[in-house]
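Everything below concerns the one structure shown next.
Just so it is clear: chains get the letters A, B, ... in the order the sequence lines come, proteins before strands, and each one is counted from 1.
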Number of protein chains: 2
Amino acid sequence: MTTAPIFLISPDRGSVAERSIATTPAPMLFTNGEEIYAQGDRADRLYRVEFGAVRVYRLLADGRRQISAFHLPGEVFGFQADGVHHFFADAVGATGLRVMPRASAGGVTPEVMEFALRCLVRTQEHLLVVGRQNAVERIAAFLLDMAERQGGLEQFDLPMSRTDIGDYLGLTIETVSRVFSKLRAQGVIRLVSLRTVEMKKPGVLRALCE
Amino acid sequence: MTTAPIFLISPDRGSVAERSIATTPAPMLFTNGEEIYAQGDRADRLYRVEFGAVRVYRLLADGRRQISAFHLPGEVFGFQADGVHHFFADAVGATGLRVMPRASAGGVTPEVMEFALRCLVRTQEHLLVVGRQNAVERIAAFLLDMAERQGGLEQFDLPMSRTDIGDYLGLTIETVSRVFSKLRAQGVIRLVSLRTVEMKKPGVLRALCE
DNA sequence: CGAACGCTTGAGCAAATTCAAGTGCGGTGG
DNA sequence: CCACCGCACTTGAATTTGCTCAAGCGTTCG
């Protein structure tokens with residue numbers, strides 16, 4: 001799979017990456033499902049997604065999983081309070097990461113602080129979606145978020161499976177599938193392929209999120 | 001169990017806050033429900049809870065509310081990425097806060113970073129509770145978290161109403177009430193008063209959170 | 001070609017919500 | 001001091017939403 005998203009070849013991002021990690025060699029490569037770090041691991045690095053995507057999640061003893069975030073190209077993740085990871089992170093499809101040792105990341109730079117705080121706001125907003133919105137509203141919020149983070153085009157890719165989407169939104173895979181079908185039947189979205197969405201009526205999606 | 005990491009009671013928490021606001025005069029006082037900041041406000045201060053409690057929340061257009069965090073005495077809150085608050089914060093009962101202008105908070109000190117990252121981990125863990133646990137498991141996680149944050153005693157207070165608890169856990173007030181009654185009937189907890197809980201079988205609560 | 005995997009769809013069910021009374025407690029005023 | 005009022009909480013019954021279980025479809029890959 002790994003439909004290479006269009007924005008991967010955007011010129012500005014590449015150049016920023018090259019500057020900020022000028023000394024770092026080629027990105028580290030991961031295959032679908034490959035572990036990037038695990039709960040309990042030492043957290044002494046930051047990661048920047050070059051291509052592909054990353055899911056950060058936690059498990060319950062019986063296997064229930066909650067994905068707390070997907071990270072798309074250009075985003076930085078991996079910060080932890082006390083030097084130990086409290087979550088798992090693995091690759092969604094073929095993924096390339098720039099790895100920055102914490103030392104060279106400069107400790108608590110304003111940039112790192114900014115990333116962490118943005119991540120906090122994003123997680124808190126996601127909590128509202130999961131805690132107080134119904135299935136259709138959750139999917140609508142998710143689609144709008146994915147579209148916006150991929151440049152705001154009406155057509156965009158979903159790098160992750162329906163199962164991943166369910167585990168991100170607190171829904172079962174069946175419910176995710178049913179809501180996709182319903183939105184398609186209503187002409188709100190079109191499924192170019194299983195993993196490619198075209199928003200036909202973004203206004204309807206936006207109205208659903210209030 | 002997911003919501004009460006051991007490190008929360010590590011001694012550095014209190015001492016850091018006390019040092020950093022040594023020069024601040026008497027705490028600012030708030031009555032029940034009084035606004036501390038609103039969505040859209042400039043975020044140029046940090047707050048430390050002296051007594052009482054604080055709820056941080058967000059609203060949907062139709063009034064549905066998601067509380068993303070309660071802050072208890074000793075805890076610091078109010079950091080935001082881009083200098084603008086994305087949430088509301090108000091007092092739960094009579095509350096006293098130490099206010100620290102961001103300047104005197106020293107910009108991005110390691111301490112502030114530490115607080116923000118802890119808040120992030122806590123929110124991500126709460127997301128697992130809300131996204132993937134049932135009503136009984138959510139209440140169990142909540143009670144254990146509240147107990148631990150108040151010193152780990154078997155008896156402790158709930159500063160907030162059942163409505164607040166519901167809006168924190170993504171449940172209705174009726175469901176919260178029913179679960180409390182069920183746990184009481186099973187002898188897992190005792191309600192000394194409406195807002196005072198005694199854990200009779202903490203092991204059962206812990207088992208519920210896996 | 002067959003197996004595996006990811007996705008879809010249907011039917012029945014269970015958990016939590018909604019709607020609707022009731023209870024108990026703290027505060028106010030007669 | 002006691003009665004009453006308001007508010008927070010509890011409890012019950014009916015309903016709904018999303019889940020579970022089960023079967024079927026389509027694509028990919030060996």
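Spacing between atom CZ of A:R162 and atom P of D:dG18 amounts to 18 Å, rounded to whole angstrom units. If you take CZ of A:R184 and P of C:dC7, they are 14 Å apart, rounded to a whole angstrom. Here the C1' atom of nucleotide C:dT17 and the CD atom of A:E137 are 14 Å apart, to the nearest Å. D:dG18 atom C1' lies 16 Å from atom CD of A:Q133, rounded to whole Å. As a whole-Å value, the separation of B:D167 CG from D:dA8 P is 13 Å. Taking atom CG on A:D62 and atom C1' on D:dC19, their separation rounds to 14 Å, with Å as the unit. Straight-line distance from the CG atom of B:N134 to the P atom of D:dC19: 13 Å, rounded to whole Å. Here D:dT11 presents its P atom at 12 Å from CZ of B:F180, a figure rounded to the nearest Å.
Each salt bridge (charged side-chain N to carboxylate O under 4.0 Å, His left out) pair with one or both residues in residues 170-187 of chain A, not counting sequence neighbours, would appear here, but there are none. Among pairs with a residue in residues 132-144 of chain A, those fulfilling side-chain hydrogen bond (donor to acceptor under 3.5 Å, both in side chains) read A:R132-B:D167, A:E137-B:R64, at least two apart in sequence or across chains. Applying the ring pair (Phe, Tyr, Trp, His ring centres under 6.0 Å) test to every pair with at least one member in residues 159-197 of chain A, sequence neighbours left out, gives these pairs: A:F70-A:Y168, A:H126-A:Y168, A:F142-A:Y168.
Scored by the side-chain contact (heavy atoms from CB on, under 4.5 Å) test, B:R58 finds A:E125, A:L128, B:Q39, B:H86, B:F87 as partners (sequence neighbours excluded). Residues passing the ring-ring contact (aromatic ring centres under 6.0 Å, His included) test with B:H85 are B:Y37, sequence neighbours excluded. With sequence neighbours left out, the side-chain contact (heavy atoms from CB on, under 4.5 Å) criterion links B:L59 to B:Y57, B:R65, B:F88. With sequence neighbours left out, the side-chain contact (heavy atoms from CB on, under 4.5 Å) criterion links A:S161 to A:T163, A:D164, A:R195. In terms of the ring-ring contact (aromatic ring centres under 6.0 Å, His included) criterion, A:F115 has no residue partners (sequence neighbours excluded). For B:V84, the side-chain contact (heavy atoms from CB on, under 4.5 Å) partners at least two apart in sequence or on another chain are B:D82.
The one candidate from B:D90, B:L97, B:V92 that meets the side-chain contact (heavy atoms from CB on, under 4.5 Å) condition with B:F30 is B:L97.
Residue contacts shown for B:R195 are limited to sugar-phosphate atoms, with no base heavy atom under 4.0 Å away. Within the nucleic acid shown, B:S181 comes within 4.0 Å of sugar-phosphate atoms alone, with no base atom in reach, counting heavy atoms only. As judged by a 4.0 angstrom heavy-atom cut-off over every strand, B:G166 is placed among residues making no nucleic acid contact.
Annotation: A:E148, atom CD; neighbour count of heavy atoms from other residues, nucleotides and ligands within 6.0 Å does not exceed 12.
Residues A:V176 and A:R132 each lie close to DNA chain C; by heavy-atom proximity, the contact nearer the 5' end of the strand is made by A:V176. Both A:R138 and B:I173 lie near DNA chain D, and the one whose nearest nucleotide falls closer to the 5' end is B:I173.
With distances taken from any side-chain atom of B:S161 to the nucleotides D:dC9, D:dC19, D:dT10, the minimum falls on D:dC9.
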Identify all pairs in which a protein N or O lies below 3.5 Å from an N or O of nucleotides 22-26 of chain C, and state each distance.
none

Sub-3.5 Å pairs of nitrogen or oxygen atoms, protein against nucleotides 12-15 of chain D:
from, atom 1, to, atom 2, distance (Å)
D:dG12, N7, B:R178, NH1, 2.8
D:dG12, O6, B:R178, NH2, 3.3

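Proximity of B:S177 to the phosphate of D:dC9: no side-chain N or O atom is located under 4.0 Å from OP1 or OP2.
Between A:E154 and A:K200 there is no salt bridge, since none of the side-chain N atoms of the basic residue sits less than 4.0 Å from a carboxylate O of the acidic one.
In DNA chain C, consecutive stretches of 3 or more Watson-Crick or G-U wobble pairs with both distances under 3.5 Å are given as paired ranges: C:1-30 with D:1-30.
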